[in-house]
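Here the structure is a predicted model, which means the values were calculated and not measured. Positions are given from 1 along the sequence.
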Amino acid sequence: LSAGAAIGLSTSGAFKESVALEKKSTLTFDAKCEGTGTADDGTTWTVTSDAAESKYDDTKGIHYGTGSAAVSYLTLTSSSFSNKVTKVVACVSDANKTASISVTVGGENFGKPQTETNYDNSPYTFTPTDSQSEEEFTGVVVVSMSRNSVKKALYCKSIVVSYDDGSSTTLTGISIGGSMSKTSYIDGENWDSAGLTVTATYSDESTEDVTADAKWSFNPEKPAV
């Protein structure tokens, strides 16, 4: 049976009325660092290790430890972030593929440590765990690689720190797109929203796919026979 009825979309409580605006601080190494680095927003970083800096690698970045010089750690420490840090992405490599990669913000663990296994300059992403979701992470960011001391290099190509910039944008509109996958029903079937998409528009003209948060209504709930 073809269903002829009213379909509604409720926005009450379903969508964020405002969202914090995010900025990124990007540190990229394109030459030997000599123990320091500066991100594109002026954030300064200090690099420490128990091995001397070696030849720069075009793909993997700054280079500590060699086949003749053992290294056990590489630590990068930022100046302080006064706004809430939301994500840290580190492109790092370990020629031994055993290093533990960890991040702290303001002296607190940020996300869970990860193990470098690829040796291909992969990005390692750190975000607060569920138990940390209510915390306000501010202060110094520390990205650490550590392992048993071996004669194989540790590298860092880049670090990107995402943070709230202290402002927000408000919800200005909701639009529905796509087309329903199911358009005909038999007695007893409920209406299915599959195929429809919902997009939120904000005051800064940014958009967000909020389909997963949509609360649909169908009147009547089941099609009339």
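Here SG of Cys156 is found 8.5 Å from CG of Asn121. Values are rounded to the nearest 0.5 Å. Taken to the nearest 0.5 Å, the OG atom of Ser93 stands 11.0 Å off from the CD1 atom of Ile62. The distance from atom CD of Glu53 to atom OG1 of Thr48, rounded to the nearest 0.5 Å, is 12.0 Å. For the atom pair Thr28 OG1 and Asp40 CG, the distance stands at 7.0 Å (nearest 0.5 Å). With values rounded to the nearest 0.5 angstrom, Lys60 atom NZ is found 12.0 Å from Cys91 atom SG. From Ser102, atom OG reaches atom CD of Gln114 across 10.0 Å, with rounding to the nearest 0.5 Å.
When side chains are defined from C-beta on, Ser49 counts as touching Val71, because their heavy atoms get closer than 4.5 Å. Inter-residue side-chain proximity for Tyr56 and Asp30 is flagged as met; some heavy-atom pair is nearer than 4.5 Å. Side-chain contact between Thr211 and Leu196: absent, with no pair of heavy atoms (C-beta onward) separated by less than 4.5 Å. Residues Thr43 and Phe81 are in side-chain contact: their nearest non-hydrogen atoms beyond the backbone lie under 4.5 Å apart. Residues Trp45 and Val141 are in side-chain contact: their nearest non-hydrogen atoms beyond the backbone lie under 4.5 Å apart. Counting heavy atoms from C-beta outward, Thr36 and Thr44 have side chains that stay 4.5 Å or more apart. Within the 4.5 Å cutoff, no side-chain heavy atoms of Phe126 are placed close to those of Val85. You'll find the side chain of Thr77 reaches within 4.5 Å of the side chain of Val140, heavy atoms only.
With hydrophobic clusters built from ILVMFWY side chains whose heavy atoms lie under 4.5 angstrom apart, Val143 shares a cluster with Leu74. Cluster annotation: Tyr124 and Tyr64 are assigned to the same hydrophobic cluster (Ile/Leu/Val/Met/Phe/Trp/Tyr, side-chain heavy-atom contacts under 4.5 Å, transitive). By the criterion of side-chain heavy atoms lying less than 4.5 angstrom apart, applied directly or through intervening Ile, Leu, Val, Met, Phe, Trp or Tyr residues, Val88 is grouped together with Ile101 in one hydrophobic cluster.
Scanning all heavy atoms of the two residues, the minimum distance from Ser162 to Lys24 falls at OG-CG, 3.6 Å. Here the shortest heavy-atom pairing between Thr59 and Asp57 reads N-OD1, 2.9 Å. Across Ala99 and Met145, no two heavy atoms sit closer than the pair CB-CE, 4.1 Å. Leu154 and Ser72 make their closest contact through CD1-C, 4.2 Å (heavy atoms, listed as atom of the first residue, atom of the second, distance). The shortest non-hydrogen separation linking Lys84 to Glu135 is CE-O, 3.8 Å. Heavy-atom minimum distance, Thr98 versus Thr115: O-CG2, 4.0 Å.
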Fill in: Criterion side chain to side chain contact (heavy atoms under 4.5 Å, CB included) on Lys87 and Thr125, from CA distance to verdict
CA-CA 7 Å; Lys87 181 168 66 175; Thr125 300; 3.7 Å; yes
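Side-chain polar atoms of Asp41 and Ser25 form a donor-acceptor pair below 3.5 angstrom. Between the side chains of Ser68 and Thr66, a donor-acceptor pair is found at a separation under 3.5 Å.
Applying the 6.0 Å contact sphere to CG of Asn148 captures no more than 12 heavy atoms from other residues, nucleotides or ligands. By the 6.0 Å contact criterion, NZ on Lys112 is open, its count of non-hydrogen atoms from other residues, nucleotides or ligands being 12 or less.
Taking the six-membered ring where the residue is Trp, Phe110 and Phe137 present perpendicular rings, their angle passing 60° and hence far from 30°.
With hydrogens and angles disregarded, no donor-acceptor distance shorter than 3.5 Å links the side chain of His63 to the backbone of Ser54.
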